[in-house]
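Scroll down for the structure; my scribbles are underneath it.
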Amino acid sequence: MTGSAAESAPDGIAPERVGWFRFYFDDQSWEWSPEVERLHGYNPGTVTPTTELVLSHKHPEDRDKVAATINDITQTHGVFSGRHRIIDTAGQVHAVLVVGDQFCDDDGIVVGTHGFYVDVTPSEQIREDMVTERLADIAHHRSIIEQAKGMLMLIYDIDEDAAFGLLAWLSQKSNIKLRALAEGLVPRLRAVSANAISDKVKFDHALMTTPEHVAGG
């Protein structure tokens, strides 16, 4: 996932709700998309994220857990995924879902984790943002898309609107139609559940790599 591929949110989704990140293991440097900067309360381009800054925004009850996770993946070269709360510069608390996968350098060596933040804070405004004309456009394709939404809701314990927002964001980011993305995602998630229902990292990997899988036929 590159920054240029994920700099804009899909129509009908508030721009700060979904954005990408990268974390490099060797020097513990971070990259945030403009959406993630806004989620933390910063204007795009005004802050350079560091591990210290990242942790400073975690809710006090979640900070130690996230710090331990970052330390662990730095040592093991694993991935950074899960749910926690962040506090933005205005003091507002956001519940976020973070899904990551490994990325490699040109030699195929794992050098970091990348993925996205989704703001899943319950809000009536979020519901209004999600329910757009896009739903009417895909009504006749509802079956497979509803399956994909339902699976994401179960795996990540998120509501229907957040699940749809995640699918729509992946669709726009990868330039793959929503139905095609859902058709590729559902069997891959089902295959993971059949073999390793408790291994969420494999669900994360399936989600992150489905656009590439669909694009490759």
Side-chain angles (χ1 to χ4, degrees), residues 1 6 9-21 35-36 39 59 62 65-66 69 79-86 93-101 114-174 176-214:
M1 178 186 303
D11 294 340
I13 299 177
E16 73 277 7
R17 292 211 65 223
V18 186
W20 59 266
F21 75 94
E35 294 82 9
V36 175
L39 176 63
H59 190 282
D62 299 336
K65 178 181 67 175
V66 176
T69 299
V79 294
F80 183 79
S81 299
R83 291 175 67 117
H84 60 270
R85 290 160 292 177
I86 66 172
V93 178
H94 302 262
V96 296
L97 168 67
V98 180
V99 178
D101 194 16
H114 68 164
F116 49 83
Y117 281 74
V118 184
D119 186 348
V120 294
T121 309
S123 166
E124 286 301 315
Q125 183 60 49
I126 288 175
R127 179 171 179 81
E128 293 175 7
D129 289 339
M130 291 294 186
V131 183
T132 67
E133 293 181 0
R134 185 186 293 265
L135 286 174
D137 294 337
I138 56 99
H140 60 294
H141 295 317
R142 181 173 296 274
S143 178
I144 190 67
I145 295 171
E146 289 297 314
Q147 288 183 52
K149 284 167 51 180
M151 295 176 82
L152 292 176
M153 290 166 67
L154 177 63
I155 292 166
Y156 294 110
D157 189 24
I158 58 179
D159 64 23
E160 180 178 0
D161 293 336
F164 177 73
L166 182 51
L167 285 173
W169 182 78
L170 282 171
S171 171
Q172 176 172 300
K173 175 184 80 68
S174 58
I176 295 173
K177 290 186 179 299
L178 195 60
R179 177 177 172 81
L181 180 68
E183 288 175 338
L185 181 61
V186 166
R188 300 190 79 208
L189 294 181
R190 186 178 292 126
V192 173
S193 68
N195 293 291
I197 187 63
S198 63
D199 192 347
K200 193 177 74 61
V201 170
K202 293 186 178 180
F203 284 116
D204 297 342
H205 179 74
L207 177 64
M208 292 286 292
T209 58
T210 289
E212 180 181 351
H213 179 79
V214 172

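Keep in mind it's a predicted model, so treat the numbers as computed, not measured. Reckoned from all heavy atoms, side chains included, excluding hydrogens, waters and symmetry mates.
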For this session: Report the distance from atom CG of L170 to atom NZ of K173, rounding to the nearest 0.5 Å.
Result: 6.0 Å
Problem set entry | Exercise: identify the closest heavy-atom pair between W20 and V36 | O-CG2, 3.4 Å
Seminar exercise, completed: A182 and P187 have their tightest heavy-atom pair at O-CD, 4.4 Å
Problem set entry | Of D62, V118, V96, V120, the residue whose pairing with R83 passes side chain to side chain contact (heavy atoms under 4.5 Å, CB included) | V120
For this session: Please report the closest heavy-atom contact between S81 and G100, naming both atoms and the distance.
Result: OG-N, 2.8 Å
Seminar exercise, completed: By side-chain contact (heavy atoms from CB on, under 4.5 Å), A163 pairs with (sequence neighbours left out) K149, L152, M153, I158
Exercise. Would a 4.5 Å heavy-atom cut-off, applied to side chains only, mark E160 and E146 as touching?
Worked result: yes
Exercise. With sequence neighbours left out, what residues match D101 under salt bridge (Lys or Arg N to Asp or Glu O under 4.0 Å)?
Worked result: none
Problem set entry | Nearest-0.5 Å distance, OH of residue Y117 to NE2 of residue H94 | 12.5 Å
For this session: Quick one: pull up CZ in R188 and NE2 in H213 and give me the separation to the nearest 0.5 Å.
Result: 5.0 Å
For this session: Heavy atoms only: give me the nearest L178-F164 pair and the separation to one decimal.
Result: CD2-CE1, 3.6 Å
For this session: Could you tell me whether the side chain of I144 reaches within less than 4.5 Å of the side chain of Q147, counting heavy atoms only?
Result: yes
Seminar exercise, completed: All heavy atoms of A148 vs all of L185, minimum pair found to be CB-CD2, 4.5 Å
Exercise. From I176 CD1 over to E183 CD, what is the distance, rounded to the nearest 0.5 angstrom?
Worked result: 11.5 Å
For this session: Could you grab the distance from atom CG of L97 to atom OG1 of T121, nearest 0.5 Å is fine?
Result: 11.0 Å
Exercise. To the nearest 0.5 Å, how far apart are CG in L167 and CD in Q172?
Worked result: 13.5 Å
For this session: Could you tell me which non-hydrogen atom of K177 sits nearest to which non-hydrogen atom of S171, and how far apart they are?
Result: C-OG, 3.7 Å
